[in-house]
Number of protein chains: 2
Amino acid sequence: MAPPKDKPGPKDPRPCSIADALALVGEKYSLLVLREVCLGNRRFDQLVRNIGAPRDVLATRLRRLVDAGILTRRTYSEHPQRFEYRPTEAGLELEPVLMTLMAWGDRHLRKDDDRPMVVEHSCGNELVPTVTCTACGAPVRHEDLTAHPQAPGWTVTGPAAA
Amino acid sequence: MAPPKDKPGPKDPRPCSIADALALVGEKYSLLVLREVCLGNRRFDQLVRNIGAPRDVLATRLRRLVDAGILTRRTYSEHPQRFEYRPTEAGLELEPVLMTLMAWGDRHLRKDDDRPMVVEHSCGNELVPTVTCTACGAPVRHEDLTAHPQAPGWTVTGPAAA
DNA sequence: CGCGGTCAGTTGGAAAATCAAACCCTCCCC
DNA sequence: GGGGAGGGTTTGATTTTCCAACTGACCGCG
């Protein structure tokens, strides 16, 4: 019974895959969980220590990430029951997000060279990730982008843009 | 007076630029704010509507992002005082994170072709972002990465890795 | 002039999430 | 049988979030 509106009202935020993705992995600690499992740390106590999250919150996040298909929970020992968490394919495909965030942090949050972690690429060099356009290979710069919302009523530069 | 430890304890999470970056932009709505200002929507009410955030929370986030140097707050009208928010250089450099997240969401959260937003690159094609190694140009795949923590006591695959 | 609307927030109070510490249970090792 | 490790859950206090209402400066309309 939702009457179609011209202008989206207060209760219908912009439909958007960024928002949808963040609904899954945007809660506190979720991306840090992913960082750890991508680093190969798969166990609950390890995660608690390395992330610094409260145990109960971490347990909640892990359930959510498993439900979302980003992590798997595998038994690595019955008697006593013990589990490990690993990234799924979908989880691994979030690693670029982590690398991009890390690069940003390295660049803007520490001018000097105290990078707390260096990632090596198989080509032999330190990984400095760039986001590029798959079609033309050029690095993605803001000025080169034009957004086209697919749903009606949504603008990208309000009618009152300066 | 922090005694140096071999194994990091419960109260010293892994030092990491991912965590540092998320401390700034990882709170709920922060990246959506950035999405909107990158789209050219600069005003408070516009942000409230398009993001769907409570006004008070949004006000808090905006202050934080401005303090962090990710957004600027510019007066666009005295009498009545009115402000607009724009991304700084640092803010714009987070756009690749957004694009990467969006691509992931498009791929994993909607198998069919109902992408809610399409971004066009200046090369004329739809933007499909890839994260590549700046040195060799190859797309970043998990298997090609090796992490080297720079602080002592931190491992990347716990001693009990399977 | 008075009425309604836009804009950029602030305020107040209830509901939900976070946090830290303690607890539980099952094993293993000595 | 005492002390770990491991993987959580429980409890209760503290923070955040959320929502609706309110403010205060203006504008346009009749």
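Please read these numbers as outputs of a predicted model, since none were measured by experiment. Sequence lines set the chain letters: A, B, ... in the order given, protein chains first and strands last, and positions in each chain run from 1.
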Protein-nucleotide distance (Leu47(A), atom CG; dA5(D), atom C1'), rounded to Å: 15 Å
Taking atom C1' of dA16(C) as reference, at what distance in whole Å does atom CZ of Arg64(A) sit? 15 Å
Backbone N or O of Arg74(A) within a donor-acceptor pair of the Arg42(A) side chain at under 3.5 Å? no
Measure CG/Leu58(B) against P/dC7(C) and give the value in whole Å, please. 15 Å
Look at the side chain of Thr75(B) and the backbone N and O of Phe83(B), then say whether any donor-acceptor pair between them is shorter than 3.5 Å. no
Ser77(B) side chain vs Pro80(B) backbone, donor-acceptor pair below 3.5 Å: yes
Could you check how far CG of Leu62(A) sits from C1' of dG6(D), rounded to whole Å? 14 Å
For His108(A), check ring-ring contact (aromatic ring centres under 6.0 Å, His included) against everything at least two apart and list the hits. Trp104(A)
Looking at Arg115(B) and Glu126(B), does any basic side-chain N land under 4.0 Å from a carboxylate oxygen? yes
Start at the 5' end of DNA chain D and walk down; is the nucleotide closest to Asp45(A) or to His79(B) reached first? Asp45(A)
Using whole Å, what does the distance between atom C1' of nucleotide dG9(C) and atom OH of Tyr76(B) come to? 12 Å
Gln81(A) CD to dG7(D) P: how many Å, rounded? 11 Å
Do Val128(B) and Leu145(A) share a hydrophobic cluster (ILVMFWY, side-chain heavy atoms under 4.5 Å, transitive)? no
Heavy atoms from C-beta onward define the side chain here; which of dG7(D), dA8(C), dC27(C) lies closest to that of Pro80(A)? dC27(C)
Is it true that Arg141(B) and Asp144(B) make a salt bridge, defined as a side-chain N closer than 4.0 Å to a carboxylate O? yes
Helix axis bend for the helix from dC1(C)-dG30(D) to dC30(C)-dG1(D) - C1'-based end axes, five pairs, 10° rounding: 0°
Using a 4.0 Å cut-off on protein heavy atoms (strictly under), produce a 5'-to-3' string for nucleotides 17-24 of chain D with B for base contact, S for backbone-only sugar-phosphate contact, and - for none. SBB-B--B
Looking at Lys28(A) and Glu27(B), does any basic side-chain N land under 4.0 Å from a carboxylate oxygen? no
